[in-house]
Amino acid sequence: MLDVPLYRLQCGANSYDWGKLGSDSAAARFAAATKFEIEEEQPYSELWMGTHPSNPSKEFSTGRPLHFLIETNHALVGSSVASKYGNNLPFLFKVLSIRKALSIQAHPDKKLAERLHAEDPKYYPDDNHKPEMAIALTDFDGFCGFRQLEEIVVFLKGLQPLRDLIGDEAAQAFISAVEGRELSTKDDDLARNKGALKQLYTSIMTVPDDHLKKTCGALVDLARTKPESFPGGGGVDGKGLAELVLRLNQQFPDDIGIFCTFVLNYIRLKPGEAMFLRANEPHAYLSGDIMECMASSDNVVRAGFTPKYKDVKNLVAMLTYTYCPPQSLIMCPIPYPNTSHTLLYDPPIEEFSVMRTDLRKGEKEVVPGVEGPSILIVTKGGGRLSVGDKKSEELKEGWVFFVGATAETVLEGGEEGCVVYRAFCEVKA
């Protein structure tokens, strides 16, 4: 074990238009804890923690890049992680502060990422996949995955602007293809249903702009004047969906993403709740502050709610067209082994997992060493962090630390207690 594998980090913040303004942004407040000055009228969207070259973290006291520390001391990431992922962290840890909708998007799997990067490195800068997990710090809402088919049928039958968007023939073709088979688990029915869903979604996402503007105008008028006429779905009543349509149209007038309300699951998370987003699944974050952890990649295939490059062709081709109820997408954390105050968010991939430690004043938590690297951030309160008996650091809100492989850590809650999120990687034998 290393003597003191603990480094405080300075991490960079991004300023995209969708970020929360000034001190309302958790990403900005946390960044301001380490050499960062907030401008109250500026949007602050993300705090990046890791070695990704787009915004790499540095050691706070010396300014040395984190990837340099790892390159010069492979023991910091552990032999099993180093042999599989090299000298960079296999994960990227972020804080996102969302004021307005992010793009309708999906992240490619490894094979597609390699192809997109080779064909168009300007828009696809990485050759790696990007599965990701979102954990709510505040109330959060977003789209994720496709709605159950019976809900989409209800919307096509009961919402005239949606039917007008794609035409009666396309709407009826979908209804006829899936009706009576919506809940079937037979392979033939699943394949047929996914094929029908792909055809429907392609029809929606490729509507000409002039027709979109006309039908979106009708949808917004209906939401404003007759919200009670909207069908509900996914645990949200029609009035709630009408209000969502008005909010999204205010942010992105006449955008095709507004119609995704009726084909994608609308997810709402409370603080501490999480969802995992696999590769090739459509999603869009709409509002809230979240912790986000992902494989180390910056690849995004976009098709709505964005002024950036839209790649509708690749988006509709790459999706799995898996459909499911929204509650099946919410992850439930489990107690972390041999601890009293720590929960584990453990998605079904190897690159990352996340711990959440919540301590009251004076409480301590001994977290056994993990066989890989980790990054932790204090999201509330403060206290102390110790590694062995040779290094102890004060903890304050927004402070970020890198912890080397195998290092046992001791966390202690201060006057206001302490909440710490910690991303880590272990390669299972």
Side-chain angles (χ1 to χ4, degrees), residues 101 103-106 143-182 189-227 229-234 236 238 241-242 244-246 248-249 252-266 280-284 301-306 310-324:
S103 57
I104 300 290
Q105 61 184 258
F143 295 141
C144 182
F146 285 99
R147 289 180 178 271
Q148 292 177 287
L149 302 183
E150 59 267 34
E151 290 184 8
I152 298 175
V153 168
V154 168
F155 288 125
L156 285 171
K157 289 182 175 180
L159 202 57
Q160 192 61 44
L162 176 61
R163 197 176 180 98
D164 290 342
L165 180 76
I166 59 172
D168 284 339
E169 184 177 345
Q172 192 56 48
F174 176 80
I175 293 170
S176 299
V178 305
E179 213 162 25
R181 303 179 183 87
E182 298 98 328
D189 288 338
L190 289 172
R192 179 171 176 168
N193 287 349
K194 288 183 178 182
L197 185 54
K198 180 177 182 178
Q199 188 171 0
L200 175 71
Y201 195 57
T202 301
S203 297
I204 292 173
M205 300 305 290
T206 56
V207 165
D209 288 345
D210 56 346
H211 184 57
L212 171 61
K213 185 174 183 178
K214 178 181 177 181
T215 51
C216 197
L219 179 69
V220 170
D221 285 344
L222 190 64
R224 185 180 296 113
T225 60
K226 296 182 178 179
S229 69
F230 273 59
V236 182
L241 293 179
L244 178 60
V245 164
L246 295 177
L248 295 175
N249 187 69
F252 292 94
D254 301 327
D255 194 283
I256 193 60
I258 298 168
F259 281 98
C260 288
T261 302
F262 310 109
V263 290
L264 300 183
N265 281 310
Y266 178 54
N280 301 331
E281 295 296 344
H283 61 278
V301 183
R302 300 179 178 89
F305 291 154
T306 181
K310 299 177 184 178
D311 191 352
V312 176
K313 180 180 177 181
N314 274 314
L315 183 88
V316 298
M318 69 189 281
L319 301 179
T320 67
Y321 293 96
T322 299
Y323 46 92
C324 60

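Within the 4.5 Å cutoff, the side chain of D168 has no heavy atoms near those of the Q172 side chain. Side-chain contact between F230 and V236 is absent, with no heavy-atom pair separated by less than 4.5 Å. With contacts defined as side-chain heavy-atom distances shorter than 4.5 Å, the pair L219/F262 qualifies. In this structure, Y321 and N193 have side chains that are not in contact, with every pair of non-hydrogen atoms separated by 4.5 Å or more.
Summarising the geometry of G304 relative to I256, their closest heavy-atom pair is CA-CG2, 4.4 Å, with the distance given to 0.1 Å. Across R163 and K157, no two heavy atoms sit closer than the pair NH1-CA, 4.4 Å. Residues M318 and A106 approach most closely at CE-CB, 3.9 Å, considering heavy atoms. For G257 against I104, the heavy-atom pair with the smallest separation is CA-CG1, 4.0 Å. Looking at every heavy atom in both residues, L248 comes nearest to A101 through CD2-CB, 4.1 Å. Taking each heavy atom of F146 and T322 in turn, the nearest pair found is CB-O, 3.6 Å.
To the nearest 0.5 Å, atoms NZ (K313) and OG1 (T206) are separated by 13.0 Å. The distance from the CZ atom of R302 to the CG atom of D311 is 10.5 Å, given to the nearest 0.5 Å. Taken to the nearest 0.5 Å, the CG atom of L244 stands 5.0 Å off from the OH atom of Y266.
Under the side chain to side chain contact (heavy atoms under 4.5 Å, CB included) criterion, A303 pairs with M205, V312, L315, sequence neighbours left out. Qualifying side chain to side chain donor-acceptor pair (under 3.5 Å) partners for S103, counting only residues two or more places apart in sequence or in other chains: Q105.
The residues R192 and D189 are annotated as not salt-bridged, no charged nitrogen and carboxylate oxygen being separated by less than 4.0 angstrom.
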Side chains of residues 195-204: which donor-acceptor partners sit under 3.5 Å, not counting sequence neighbours?
unit_1: T202; atom_1: OG1; unit_2: K198; atom_2: O; d: 2.7
unit_1: S203; atom_1: OG; unit_2: Q199; atom_2: O; d: 2.9

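E151 places a side-chain N or O within donor-acceptor distance of the main-chain N or O of G234, the cut-off being under 3.5 Å. Judged by distance alone, with hydrogens and angles left aside, the side-chain atoms of Y323 form no donor-acceptor pair with the main-chain N or O of K194 at under 3.5 Å. In this structure, the side chain of T261 engages the main chain of I258 through a donor-acceptor pair within 3.5 Å. The closest donor-acceptor contact from the side chain of D255 to the backbone of F305 lies under 3.5 Å. Judged by distance alone, with hydrogens and angles left aside, the side-chain atoms of R147 form no donor-acceptor pair with the main-chain N or O of N265 at under 3.5 Å. Side chain of H211 to main chain of D164: a donor-acceptor pair is present (N/O by atom type, distance under 3.5 Å, no hydrogens or angles).
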